[in-house]
Amino acid sequence: LVGSEMCIRDRITGIAIIGVFLGYRMPTTSNSESRNLRNHSSPIVTTDSETSQEASAVHRFPLNKADITDSIEAPTMATMHTGHVFLAWATESGLEQRQVMLAISDDGGRTFAEPYPVVTTSIHTSVTTTRGRTIRRKLKTLPHLAVAGNTLYLAWVDAAAERENVVLKLIQSHDMGKTFLAPVAVHQNRNARPTFTSLDVSADHTVVCSWLDNRNNCLLYTSPSPRD
């Protein structure tokens, strides 16, 4: 046993000596070369300062107090193959009045032009009675954007002129949001009260709107429009 232990110890000592010898004989690398080797093997993507600034760009659009406390209205965004980015949102712009604001970027979202109102509508107040209680609730505007080709579509819930009800309306622009055609009503029934609305447009410009209604126990309604 003693002889075996001595033999194993001699082998370990010999291996250690060879390792030290090889360590002295191996070419050394400088600190910069070592960093380069580590960077070369590490899958890190680097960007220049301009790209980093663009990637971290934050665009802020002012909201009023009523907008900030609103937990239902939400902004809507659509992009076009030309690099245009469209951003729209509803704002309570006055007493019993809302506007749909539109901000446009023509450089992929790096910068935005000053937002401007494309829709101005009254605010319809719904009045219901439940268990002897009268509940008043302001209906929302709920804007939606969609794009097909070079056409921009915007749908929103508009208060009727006499403010007795609301109508889901649609407008479209063929010049990147600079001008819009006259609005059209998505539904004709004046008893409709669209809520939880949505908008989608296919590649052939078929427009489909859907919403929940207060008719027939709140069923889901859709209104497809053929290409015009």
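All residue numbers in this chain count up from 1 along the given sequence. Basis for what follows: all heavy atoms, side chains included, without hydrogens, waters or symmetry-related copies. Note that the structure is a prediction, hence the values are computed from the model and not measured.
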With a 4.5 Å cut-off on side-chain heavy atoms, are W89 and L63 touching?
yes
For P194 and H187, the nearest pair of non-hydrogen atoms, with its separation, is CG-NE2, 3.7 Å
Parallel, tilted or perpendicular, judged at 30° and 60°: which one describes the rings of F112 and F61? perpendicular
*asked:* Quick check: do T197 and W156 have side-chain heavy atoms less than 4.5 Å from each other?
replied: no
### Query
Side chains of D158 and H124: is there a donor and an acceptor less than 3.5 Å apart?
no
Fill in: Any T125 side-chain heavy atom under 4.5 Å of E96 side chain
yes
Of L170, L102, V100, the one forming a side chain to side chain contact (heavy atoms under 4.5 Å, CB included) with L154 is V100
Query raised in the report: Heavy atoms, side chains only, cut-off 4.5 Å: are D70 and K140 in contact?
Result: yes
Treat each ILVMFWY residue as a node, draw an edge where side-chain heavy atoms are under 4.5 Å apart, and state whether L199 and V119 are in one component.
no
Margin query: Would a single hydrophobic cluster contain both L142 and V166, if residues Ile, Leu, Val, Met, Phe, Trp and Tyr are joined by side-chain heavy-atom contacts under 4.5 Å?
Written below: yes
Quick check: is F180 connected to V147 through a chain of hydrophobic side chains (ILVMFWY, heavy atoms under 4.5 Å apart)? yes
Is it true that V186 and I171 fall in one hydrophobic cluster, defined by side-chain heavy atoms closer than 4.5 Å? no
Sub-4.5 Å side-chain heavy-atom contact between M176 and D106:
no
Quiz item: Are P143 and E73 close enough that some pair of their side-chain heavy atoms sits under 4.5 Å apart?
Solution: yes
By side-chain hydrogen bond (donor to acceptor under 3.5 Å, both in side chains), T69 pairs with (sequence neighbours left out) none
T120 and Q99: side-chain donor and acceptor closer than 3.5 Å? yes
For the backbone of L145 and the side chain of T76, can you confirm whether one donor and one acceptor N or O come within less than 3.5 Å of each other? yes
